[in-house]
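Each remark here refers to the structure printed beneath this line.
Note that the numbering runs from 1 along the sequence shown for the chain.
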Amino acid sequence: MDDQASRQKINKMTSSISKYWFAFPLAFLLAIFACEEDLPKNIESDDGVQLNSIKIINAGRDGNQVVEGVVDEVRKTVSFPRLDTLTDFSNLRFEAEMSPGAMLDQESYDVGLEDGQSEKTIVIKVVNNKRFREYLVTIRLLVPVYGADFNDPEIYDHTNNDLGHPVYPSFVSLLTRGTGFDGEHVLIVTRAEGGSHLLSVDDLRQDKVEPIPLNMTGVAGGTLPINVGAQVNGHTYIASLSGSHASPFRIYHWTDPSAEPEVVADLLTGDIPDAGNRHGDNMSVNLDENGNGYMYFGDNAVTKVLRLTVTGYTDISDPVVFDNAPGSSFVMSYNQIGQTNNYLFTGYDAPLRVANESGVISYQLNNDAIPLRSCDARIVHFNGERYLITTTAARSGSDAVVLYIYDITPGSDAVEALKLFNERADKSAVFQYSMLGPTNVAPGTQTGWHITKDAEGKDETLTVYGASADAGFVIIDFPIKKSD
């Protein structure tokens, strides 16, 4: 093909492209405008779909109770008072005031409550011709409620947490490694300025901090004259630190903080076969209301546990030694579960274990069931529920000092409860509180609890206590859970 023929062909193609290129956008715009009438539009209507009020008209055993609901138009929700469990929940009928011409989408509703369910939310529709609006209706059963209300705590904080007071001044430079709590007083065992003392819990609830000094006359001897302690039923105990078999291991006792203490134990651990070395880094006191029970002290090397028998609060005898368990750590604890022969055996390098009074372990939680740093674990029954309380020790840089409470109610006894808890997929705490303690080499860590009863002898308030070296202490009151 010569050059002239080529140019003629190119000009013809260009002309055709230009023609159709112009036609395409024109056709596209015409199509848009032609279809505009088919697009949906917001059509004004007088068909209102607002729910003004609503009531259940067939509640109760005989189906003749009328129960008024509360409508939240902003959230599109309806709430009712708790209903008699004998109500026919498969045929619940409502009477409602609505926009003119509107009606509910059904004459009756099947709530479909399953066994064990105490509440359920269903959807109802307010319909008016082609318009409708949905509301979420919550139906709840009138059943007893148990346990503590963890959504309504009263917190009396003397920790590093910014939510409360500054950290209690004695918790500095590891000078306070032991504390105690019995619901009436907090015991501060310290080598800081001011010395060991008590604090009134009632005063602390009123933001009054007035230390009650302990008379320390005759408190001497040992590697350190004082190191740890316990507060039990109004009885105060403090133990010295015995750094060797030849160093005195002494336990002092007060019922009147202004009086000279009674020396209830004056031992040389070298005289006790297989007693281990260095006692007084930890102290677990388990006494009944008559002051009978045991004291436990684990040695610093985590090889042996020394058990002492206590009678009438002050008669200490019959030293017994048994092997410690790996990972218990030198801030171990050994706390009785109620008045049973089972004890919670804890330390910051081992999972929680159940053992008898002689150290024979019968059960232990998985390493990840609760934080491995959990210390001084205790179990308390309150208002029909059972709780596990722990405080974690800050041993390494990633550790936190946190007071945890776990609900372990299911189970015929505490051991079965721990087994069922261990098998649960969700082991979340029902409450936790951070004390923001620093990492340290001697994280002495404590917990405690107390139950206040009402005039009829029923549980009224659960008080929980947590403390750790250089972190401070916190007291938290929880009321009983009430049916709203």
Side-chain angles (χ1 to χ4, degrees), residues 156 178-189 196-205 211-216 219 226 228-239 250-265 282-297 307-318 333-344 357 376-383 386-387 389 391 414 446-455 457-467 473-478:
Y156 308 95
T179 70
F181 176 81
D182 65 358
E184 299 295 327
H185 291 93
V186 173
L187 166 65
I188 305 294
V189 183
S196 297
H197 56 275
L198 298 174
L199 296 167
S200 165
V201 173
D202 284 342
D203 282 354
L204 293 172
R205 289 189 176 113
I212 305 169
L214 288 170
N215 185 328
M216 304 301 285
V219 177
I226 62 167
V228 291
Q231 186 71 18
V232 183
N233 304 334
H235 294 256
T236 302
Y237 297 95
I238 290 182
R250 292 175 178 154
I251 302 172
Y252 304 92
H253 170 261
W254 293 258
T255 52
D256 177 358
S258 65
E260 294 184 14
E262 181 180 2
V263 181
V264 292
N282 57 77
M283 181 179 191
S284 299
V285 180
N286 302 277
L287 305 180
D288 62 19
E289 61 183 7
N290 296 314
N292 301 325
Y294 296 115
M295 292 182 179
Y296 291 88
F297 302 88
R307 187 190 76 195
L308 302 176
T309 297
V310 183
T311 305
Y313 289 108
T314 59
D315 183 7
I316 295 182
S317 62
D318 191 24
S333 65
Y334 214 85
N335 294 322
Q336 190 175 16
I337 302 174
Q339 295 301 311
T340 70
N341 194 34
N342 288 314
Y343 293 74
L344 294 180
E357 82 282 3
D376 210 24
R378 300 175 190 268
I379 288 178
V380 55
H381 291 259
F382 178 75
N383 190 32
R386 174 169 40 213
Y387 304 117
I389 304 168
T391 301
Q446 296 85 40
T447 63
W449 59 267
H450 178 75
I451 295 175
T452 302
K453 307 260 185 193
D454 64 15
K458 297 179 180 179
D459 292 351
E460 184 175 56
T461 305
L462 172 63
T463 303
V464 175
Y465 171 84
F473 71 89
V474 64
I475 298 169
I476 307 176
D477 289 334
F478 300 99

Where do Thr391 and Gly466 come nearest, in terms of heavy atoms and distance? OG1-CA, 3.9 Å
Main-chain N/O of Gly312 paired with Asn292 side-chain donor or acceptor, under 3.5 Å: yes
For Met216 and Trp254, which heavy atoms make the closest approach, and how far apart are they? SD-CZ2, 3.9 Å
I need the Asn286 CG to Glu357 CD distance, nearest 0.5 Å. 11.5 Å
Decide yes or no for Ile251 and Leu308: does some side-chain heavy atom of the first lie under 4.5 Å from some side-chain heavy atom of the second? yes
4.5 Å side-chain heavy-atom contact, Asn233 and Asp182: no
Below 4.5 Å, heavy atoms only, C-beta onward: do Leu214 and Pro257 meet side chain to side chain? yes
Atom pair OH (Tyr343) and CD1 (Ile337), whose distance is rounded to the nearest 0.5 Å: 10.0 Å
Separation of Gln231 CD from Thr236 OG1 (nearest 0.5 Å): 3.5 Å
Identify the heavy atoms of Leu199 and Phe473 that sit nearest to each other, and give their distance. CD1-CZ, 3.8 Å
Could you please spell out the steps behind the side-chain contact (heavy atoms from CB on, under 4.5 Å) verdict for Val264 and Tyr252? CA-CA 6 Å; Val264 292; Tyr252 304 92; over 6 Å; no
With sequence neighbours excluded, residues passing side chain to side chain donor-acceptor pair (under 3.5 Å) with His235: His253
Cut-off 3.5 Å, side chains only: do Asp376 and Gln446 have a donor facing an acceptor? no
Let me confirm one number: the CZ-CG distance from Phe382 to Leu462, rounded to the nearest 0.5 Å. 5.0 Å
Please walk me through it: do Val380 and Arg386 pass side-chain contact (heavy atoms from CB on, under 4.5 Å)? CA-CA 6 Å; Val380 55; Arg386 174 169 40 213; over 6 Å; no
Can you see which heavy atom on Pro213 is nearest to which on His197, and at what distance? CA-CB, 3.9 Å
Measure from the side-chain N and O atoms of Arg378 to the backbone N and O of Trp449, and report whether any donor-acceptor pair falls under 3.5 Å. no
Derivation of the side-chain contact (heavy atoms from CB on, under 4.5 Å) call for Thr179 and Leu187: CA-CA 5 Å; Thr179 70; Leu187 166 65; 5.7 Å; no
Give, for atom CG of Asn383 and atom OG1 of Thr461, the distance between the pair rounded to the nearest 0.5 Å. 10.5 Å
Ring-plane angle category for Phe181 and Tyr465, please: parallel below 30°, perpendicular beyond 60°, tilted otherwise. parallel
Considering all heavy atoms, the nearest Ile379-Ala414 contact: CD1-CB, 3.9 Å
My understanding is that only residues two or more places apart in sequence, or in another chain, count here; which of them pass side chain to side chain donor-acceptor pair (under 3.5 Å) with Thr463? Arg205, Asp477
How long is the span from the CD atom in Glu460 to the CZ atom in Phe478, to the nearest 0.5 Å? 15.5 Å
Test log, rule side-chain contact (heavy atoms from CB on, under 4.5 Å), inputs Val189 and Ser196: CA-CA 5 Å; Val189 183; Ser196 297; 4.1 Å; yes
Are Tyr237 and Met295 side-chain neighbours, meaning at least one heavy-atom pair lies under 4.5 Å? yes
Where Ser333 and Ser284 come nearest, the two heavy atoms and their spacing: CA-OG, 3.4 Å
